[in-house]
Amino acid sequence: TPLLREAEFAPLGSGNLRLPVRAWIWWLQLAWAIGHPSQRACRDTFRHRVRHMTDRFLAADRDTLVVCHAGTIIHLAKALRRHGYSGPRF
């Protein structure tokens with residue numbers, strides 16, 4: 001399902017700033033985490049997808065195997081734990 005895709009990042013205006021790739025990744029993740037205006041829509045969309053999938057999993061009456069991006073599974077696991085999930089580790 002497209003709901004389990006990895007989180008997206010919007011372009012971050014930087015002018016002619018040149019940084020190593022690792023620095024750009026860190027900078028985008030930080031901007032996403034703190035809710036920078038350039039990343040807010042992406043973050044809110046991702047959180048909505050996680051809430052929707054959490055509701056679907058909680059409503060299911062059977063075990064479900066979830067295969068998705070590592071960042072997505074971390075957020076999904078936190079959401080399920082908030083709703084009382086106490087199964088085996090993720």
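Note that this is a predicted model, so its numbers are computed, not measured. Computed from heavy atoms alone, side chains included, the values below leave out hydrogens, waters and symmetry copies.
A donor-acceptor distance shorter than 3.5 angstrom exists from the side chain of Thr45 to the backbone of Ala41, with no hydrogens or angles considered.
Linking ILVMFWY side-chain heavy atoms closer than 4.5 Å, directly or via other members, places Leu28 and Val21 in two distinct hydrophobic clusters. By the rule that hydrophobic residues join a cluster once side-chain heavy atoms approach within less than 4.5 Å of another member, Ile25 and Phe46 end up as members of separate clusters.
Distance NZ/Lys78 to NE2/His83: 14.5 Å, rounded to 0.5 Å. Interatomic distance, Arg81 CZ to Leu76 CG, rounded to the nearest 0.5 Å: 10.0 Å. Considering NE2 of His69 and CD1 of Ile74, their distance stands at 9.0 Å, rounded to 0.5 Å. Summarising the geometry, atom CG belonging to Leu80 is positioned 9.5 Å from atom CG belonging to Asp55; distances are rounded to the nearest 0.5 Å. Atom-to-atom distance recorded for Leu30:CG and His36:NE2 is 9.5 Å, nearest 0.5 angstrom. Taking CZ of Arg51 as the reference point, atom CZ of Arg56 lies at 15.5 Å (rounded to 0.5 Å).
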Would Trp24 and Leu17 count as a side chain to side chain contact (heavy atoms under 4.5 Å, CB included) if you check the C-alpha gap in whole Å, the side-chain angles of each, and the deciding distance to 0.1 Å? CA-CA 10 Å; Trp24 279 116; Leu17 182 63; 4.2 Å; yes
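For the pair Tyr85/Leu58, no side-chain contact is recorded, criterion being any heavy-atom separation below 4.5 Å from C-beta on. The side-chain heavy atoms of Met53 and Arg49, taken from C-beta on, include no pair separated by under 4.5 Å. The closest side-chain heavy-atom distance from Trp26 to Leu19 is not below 4.5 Å.
Ala33 approaches Arg43 most closely through the heavy-atom pair O-NH1, 3.9 Å. Minimum interatomic distance between Val50 and Ala79 (heavy atoms only, all atoms of both residues): CG1-CB, 4.0 Å.
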